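Below you'll find the structure I mean.
Nothing fancy with the numbering, it's 1 onward along the sequence. As the structure lists them, so they are numbered: ligands from 1, and atoms in each ligand from 1. For clarity, every value in this text was computed on a predicted model and none was experimentally measured.
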Amino acid sequence: MILMANISIMSDLHLGFKRDTEREEDALVAAENAFRKAVDMDSDLVVVAGDIFDSRLPRPEYWSKFMNMISSADGTKNIEVEKTTGRGDVSKEVFDGIPVVAVHGTHERRTNKQKNSIEAMEKAGFLIHLHCSSVELKVGDEKVGIHGMGGVPERYSKEILKKWNPEPFEDAYNIFVIHQDLKQYIYNPVSPPDLGLEDLPGGFDLYVSGHIHWKDKQKVNGKPFIIPGSLIPTQLKKKDSETPKGFYNISTQKDDIEFVEIEVPREFVYKKIELTDADEREIEKKISSLLEDIPENSEKKPLVRIKTTGNLQRGLTSSDIDLSRIEEKYSERALISFSENLKEDNTEGKKQSFEKTRENRLSVDEMGMNILHKKMDELGIDISPDEIFEDLAEGKIEAAMEKMEDKETKDHEEERNAQRSEEAEKEWWVK
Ligand SMILES: [Mn+2]
């Protein structure tokens, strides 16, 4: 009989997400459901592709619950370490309960020589933390290699991966695990991803990435590539309501990759409402009627995300509509949140402001000033337009630019400091 390893692969548990709110237990409940299911399926091993915790300094409540979750599970006794590369020995206690191999995610990542929570758990003997390192485990008669790189700043991901240059173990089933943006999935213009699927090294039997919160499965280098996705919805996008939450379960000897759905801690519903010349009463009426279609559950109120399209009644602006009052009013029924600001009737608004300008017979200077105010507002430049306008009106373009740059310098100082510590981090990673 061929013994094969049964491995559950999950990601992005985000324990501590929405702490101090009604949703704070959701991440824990989802993680417990997932681990229980993985144990029930006789998993020899659980691999976590990052973001076990939602923050860099998770509260002890979440540490203790997670450590209890994995160490009290009824795990396999049929597993031992064969060898490691790029790291030290593995403590024996890791194999009490269900063995867990994890990389740290972006939410756990810390700077310089600080220890992150996943490394700390490894020190305490609760799991195996991989970062630019590999472990080969013997599961029964089967050898399983796991090669992991924790979340690193996006702009260094390709370089760090290249330096690490992992090699699959011979005669083993090799799993490659990262926690990064991949340009095929996420494009963030502020910090564009460095890495694409084409950059992943060849020779592995299975590729895994955390970080991306919706599940997916495709091929890389002719082998399966999986994204388990988060166990709870975090950004409340439409996609979150359409893709099931859970983890992948694989058997090494078969080409068998199954997505295992977990029981969700609460329902998540994404709804659109179409507004035509609406006022607050109209919006409330629509919300009350859409709630009628959602099953009631007083213990675990559903999460309802509402996207509004269309426009408001003439003369009304989004600040005239008190959405938080509506959220509050129905708070016993559902946890409502709105996905975007209400749209004003733009043509009407513009016409009105044009008329006002004509009526008031504003001077050219005043009109210019108004435009500048608006532009600076749109750009989020928090500086008095009056000073800038004076310079511009007198043709002192350089002086105006200097003032704006000065302001920008202060705004971005903090961001730059953060970047500097990322550079220091990089030196440490790219040993
Ligand atoms: Mn995440």
Salt-bridge contact E142-K138 (side-chain N to carboxylate O under 4.0 Å) |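 No, no charged N to carboxylate O under 4.0 Å.
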Which single N/O/S atom of D12 lies at minimum distance from the Mn ion (ligand 1)?
->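 Within D12, restricted to N, O or S, the Mn ion (ligand 1) is closest to atom OD2.
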How is the N/O/S atom of D51 that comes nearest to the Mn ion (ligand 1) named?
->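 D51's closest N, O or S atom to the Mn ion (ligand 1) is named OD2.
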Between F338 and K307, is there a cation-pi geometry (under 6.0 Å to ring centre, at most 45° from the normal)?
->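 No cation-pi geometry.
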Which of the N/O/S atoms in H14 sits closest to the Mn ion (ligand 1)?
->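 Of all N, O or S atoms in H14, the Mn ion (ligand 1) lies closest to NE2.
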The Mn ion (ligand 1) is nearest to which N, O or S atom of H213?
->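 Within H213, restricted to N, O or S, the Mn ion (ligand 1) is closest to atom NE2.
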Would you confirm whether the ring centroid of F204 sits within less than 6.0 angstrom of the ring centroid of F176?
->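 Between F204 and F176, which both carry aromatic rings, the centre distance is below 6.0 Å.
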Option passing side-chain contact (heavy atoms from CB on, under 4.5 Å) with P224 (candidates I257, V208, I250) |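 Answer after filtering I257, V208, I250: I257.
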